[in-house]
Amino acid sequence: MELRGRGKIAAVSELDRTVAANLHRIRKCIARAAEVADRRPEEVTLVAVSKMQPVEAIRAAYAAGVRHFGENRVQECAAKRPHLADLAITWHLVGPLQSNKVRRSMGLFDRIDSVHSLELAQKISTIAEEGRRIPILLEVRMDTAPTKAGLEPDEVPDIAGAVLEMPHLDLRGLMCVPPYFAEADQARVSFHHLREIRDAMARRFEMLFPALSMGMSHDFEVAIEEGATEVRLGTAVFGARPPG
Ligand SMILES: *Cc1c(COP(=O)(O)O)cnc(C)c1O
């Protein structure tokens with residue numbers, strides 16, 4: 001029993017070192033990309049996407065200063081959270097939310113980053129407790145593949161208008177997942193487009209919509225150059241995801 005305990009501690013600290021080293025590299029990259037765009041690195045929040053990662057990996061990233069974590073499945077987050085209750089984590093849902101899981105998700109996530117339909121927004125607003133306003137992002141489809149989720153770019157302003165009327169939602173901004181390109185720079189046009197949509201919304205509604213969640217492990221530097229305020233990094237932080 002005691003031996004196993006010691007073995008576990010040793011294994012965890014190796015994970016701690018790996019994740020800390022990854023984060024050190026990532027923060028340098030964030031700083032460099034911010035500088036290119038004449039922005040401050042503090043304007044960019046790192047959201048560590050911990051899907052398929054064990055709670056020890058989340059603790060390792062937390063120990064290295066990460067406070068925002070993203071999960072893409074309600075069930076998985078529900079399983080992990082009880083083991084992480086002592087940490088002051090802000091949880092983001094970054095994956096598709098089925099309407100029958102909305103109620104469950106309310107107690108688990110601090111923000112729903114992947115609101116991909118008006119119906120889902122309505123459902124969240126209806127289920128949210130009286131007096132509560134749930135922070136959300138609208139997910140915009142920047143990938144023409146029909147399987148990909150998200151609002152069509154040209155319907156975003158009207159849906160944003162409808163969401164602003166919903167009493168229990170707090171629309172903070174937009175999120176997107178562009179197609180995977182071998183050359184990260186090819187995603188630039190999508191990131192630029194998302195920012196333009198956000199800026200047009202800001203003018204139309206005379207509100208800020210500060211959050212632009214865009215950029216993943218292979219393209220976050222380009223996203224930062226195009227104005228990302230949040231980058232969602234999984235493999236860059238934790239290494240390859242264990243096979244699920
Ligand atoms: C998995 C995931 C990420 C992180 O992907 P990496 O390529 O591992 O950085 C970011 N955003 C969403 C929506 C994801 O599902």
Side-chain angles (χ1 to χ4, degrees), residues 15 18-19 21-30 33 44-55 57-58 60-62 64 66-80 89-98 101 105 108-117 120 135-145 147-151 172-188 190-191 194 211-244:
L15 180 63
T18 306
V19 169
N22 289 344
L23 284 165
H24 183 72
R25 264 198 313 276
I26 289 167
R27 287 183 176 121
K28 276 193 188 161
C29 295
I30 289 177
V44 182
T45 299
L46 192 165
V47 179
V49 179
S50 48
K51 63 186 183 201
M52 323 267 284
Q53 298 293 345
V55 292
I58 295 174
Y62 189 92
V66 177
R67 292 294 177 268
H68 291 258
F69 288 83
E71 287 281 342
N72 69 336
R73 296 171 66 190
V74 175
Q75 221 58 27
E76 189 177 335
C77 189
K80 288 175 184 174
I89 289 177
T90 298
W91 289 101
H92 299 248
L93 179 64
V94 301
L97 177 58
Q98 294 160 291
K101 299 220 172 91
S105 72
L108 291 170
F109 295 99
D110 298 288
R111 203 179 71 193
I112 312 290
D113 292 2
S114 45
V115 175
H116 54 73
S117 73
L120 179 59
I136 66 159
L137 304 182
L138 292 176
E139 180 173 0
V140 184
R141 195 165 76 109
M142 287 298 175
D143 189 334
T144 49
T147 52
K148 295 295 168 66
L151 302 167
R172 298 278 176 86
L174 303 177
M175 179 270 215
C176 78
V177 182
Y180 182 91
F181 295 109
E183 277 295 322
D185 207 64
Q186 291 178 275
R188 186 181 297 276
S190 298
F191 297 140
L194 194 75
L212 275 181
S213 174
M214 55 189 197
M216 297 164 46
S217 291
H218 70 287
D219 57 14
F220 69 95
E221 288 150 293
V222 178
I224 291 168
E225 289 172 23
E226 293 300 328
T229 63
E230 299 175 16
V231 291
R232 305 180 311 271
L233 307 182
T235 49
V237 175
F238 300 109
R241 278 180 280 278

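Ligands are counted one by one from 1 in listed order, and the atoms in each one are counted from 1 as well.
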For the side chain to side chain contact (heavy atoms under 4.5 Å, CB included) test, which of V47, I26, V49, V66 pairs with L233?
-> I26
Can an N or O of M175 be found at a distance shorter than 3.5 Å from an N or O of ligand 1?
-> no
Less than 3.5 Å between some nitrogen or oxygen of S217 and one of ligand 1, yes or no?
-> yes
Below 4.0 angstrom from a heavy atom of L233, which ligand 1 atoms are there? Numbered from 1 as shown, please.
-> 9 (O)
Provide the number and element of each atom of ligand 1 under 4.0 Å from a heavy atom of R232.
-> 4 (C), 9 (O), 10 (C), 11 (N), 12 (C), 13 (C)
What protein heavy atom lies closest to [atom]? Include the residue and the distance to one decimal.
atom: atom 3 (C) of ligand 1; answer: M216 CE, 3.7 Å
atom: atom 13 (C) of ligand 1; answer: V94 O, 3.3 Å
atom: atom 15 (O) of ligand 1; answer: K51 NZ, 2.7 Å

Tell me whether [X] contacts the main-chain N or O of [Y] through its side chain, where contact means a donor paired with an acceptor under 3.5 Å.
X: E76; Y: M52; result: yes
X: T229; Y: L212; result: yes
X: R232; Y: A48; result: no

Parallel, tilted or perpendicular: which describes the rings of F69 and W91, with under 30° parallel and over 60° perpendicular?
-> tilted
Are E230 and R111 close enough for a salt bridge, meaning some N to O gap below 4.0 Å?
-> yes
Select one of side chain, backbone, both or neither to describe which atoms of R241 lie under 4.0 Å from any atom of ligand 1, heavy atoms only.
-> side chain
T235 and ligand 1 - part of the residue with a heavy-atom distance under 4.0 Å = both
Step through the shown structure and confirm whether more than 12 heavy atoms of other residues, nucleotides or ligands are within 6.0 Å of CZ on R73.
-> no
